[in-house]
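Just so it is clear: chains get the letters A, B, ... in the order the sequence lines come, proteins before strands, and each one is counted from 1. All of these numbers come straight from a predicted model, not from anything done at the bench.
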Amino acid sequence: MKKYPNPKSPSSSKNAATKKKTEDPKPVSFFDVVYKIARKIPKGRVTTYGAIAEAADIKLTPRMVGWAMNGAGNAKPAVPAHRVVNRNGELSGRQFFATPTLMQELLEQEGVTVKNDKVSDFKTVFWSPGKPKATTATKTVKKKI
DNA sequence: AGTCTGACCTGAT
DNA sequence: GATCAGGCCAGAC
């Protein structure tokens with residue numbers, strides 16, 4: 001993490017607009033897919049990176065989801081990255097926000113209780129992107145049904 | 001062209 | 001139960 005000159009701007013600070021008019025045949029970059037799913041997250045609810053990766057039609061790893069979130073602020077409309085947490089329910093990406101506490105503030109604002117940088121009742125506020133057979137979600141919410 | 005990193009997850013020790 | 005290591009795909013230098 002030290003060899004990175006610009007930790008602030010992930011995509012060379014070119015923002016997501018880099019592909020502006022270059023999209024035509026296959027505009028469905030894995031970025032767009034993640035954004036689309038993240039935007040579908042209802043208010044007061046959170047999901048995990050792995051769940052999004054599973055919901056994506058394309059083969060994708062949870063890591064890529066987080067990486068794609070880098071452009072969330074640049075994406076339009078802005079993607080509610082604060083509603084996306086890791087499988088543990090921790091606000092791992094809070095430090096990537098404008099302020100480390102912004103993520104928690106937003107979550108609490110929507111009614112999500114955050115304790116110690118972790119979502120309380122994570123399983124309760126957990127929301128599935130739409131993939132019922134989510135392996136990860138199955139384990140997390142296995143006792144849901 | 002090769003190397004490394006990355007807001008993760010899963011499995012094994 | 002906690003910790004370590006590996007893996008996965010894509011992008012940037």
Visitor: Rounded to the Å, how far apart are A:W67 CH2 and C:dC8 C1'?
Guide: 13 Å

Visitor: Taking CG from A:N86 and P from B:dA7, how many angstroms apart are they, rounded to a whole number?
Guide: 12 Å

Visitor: State, to 0.1 Å, how close A:P80 and A:A38 come at their nearest heavy-atom pair, and which atoms those are.
Guide: CG-O, 3.4 Å

Visitor: Quick check for you: among B:dA7, C:dG11, B:dC9, whose closest atom lies nearest to any side-chain atom of A:F30?
Guide: C:dG11

Visitor: Without decimals, in angstroms, what is the distance between A:I58 CD1 and C:dC9 P?
Guide: 12 Å

Visitor: Tell me: CD of A:E54 to P of B:dT10, nearest whole Å?
Guide: 9 Å

Visitor: Between B:dA7, C:dA10, B:dT5, which one does the side chain of A:F96 approach most closely?
Guide: B:dA7

Visitor: Have a look at A:A53 and say if it touches a base, only the backbone sugar-phosphate, or nothing, with a 4.0 Å heavy-atom cut-off.
Guide: nothing

Visitor: Please name the nucleotide paired to B:dT3 by Watson-Crick or G-U wobble geometry with both distances under 3.5 Å, or report none.
Guide: C:dA12

Visitor: What heavy-atom pair brings A:P42 and A:R83 nearest, and what distance separates the two atoms?
Guide: O-CD, 3.9 Å

Visitor: So if I take every side-chain heavy atom of A:N70 and compare against B:dC9, B:dA7, C:dC9, which nucleotide ends up nearest?
Guide: B:dA7

Visitor: Specify the separation, in whole Å, of atom CG of A:D32 and atom P of C:dA10.
Guide: 14 Å

Visitor: Should A:R45 and A:E110 count as an ion pair when the cut-off is N to O under 4.0 Å?
Guide: no

Visitor: I need the CZ-P distance between A:R87 and B:dT10, as an integer number of Å.
Guide: 6 Å

Visitor: What's the shortest heavy-atom distance between A:W127 and A:I41, and which atoms?
Guide: CZ3-CG1, 3.6 Å

Visitor: Nearest of B:dA7, C:dG11, B:dC9 to any side-chain atom of A:F31?
Guide: C:dG11

Visitor: Using whole Å, report how far CZ of A:F97 lies from P of B:dA7.
Guide: 13 Å

Visitor: By nearest atom, which of the nucleotides C:dC8, B:dC9, B:dA7 is closest to the A:T61 side chain?
Guide: C:dC8

Visitor: Looking only at heavy atoms, what is the nearest atom pair of A:M103 and A:V85, with distance?
Guide: CE-CG1, 4.0 Å

Visitor: Separation of A:M69 atom CE from B:dA7 atom P, in whole Å?
Guide: 13 Å

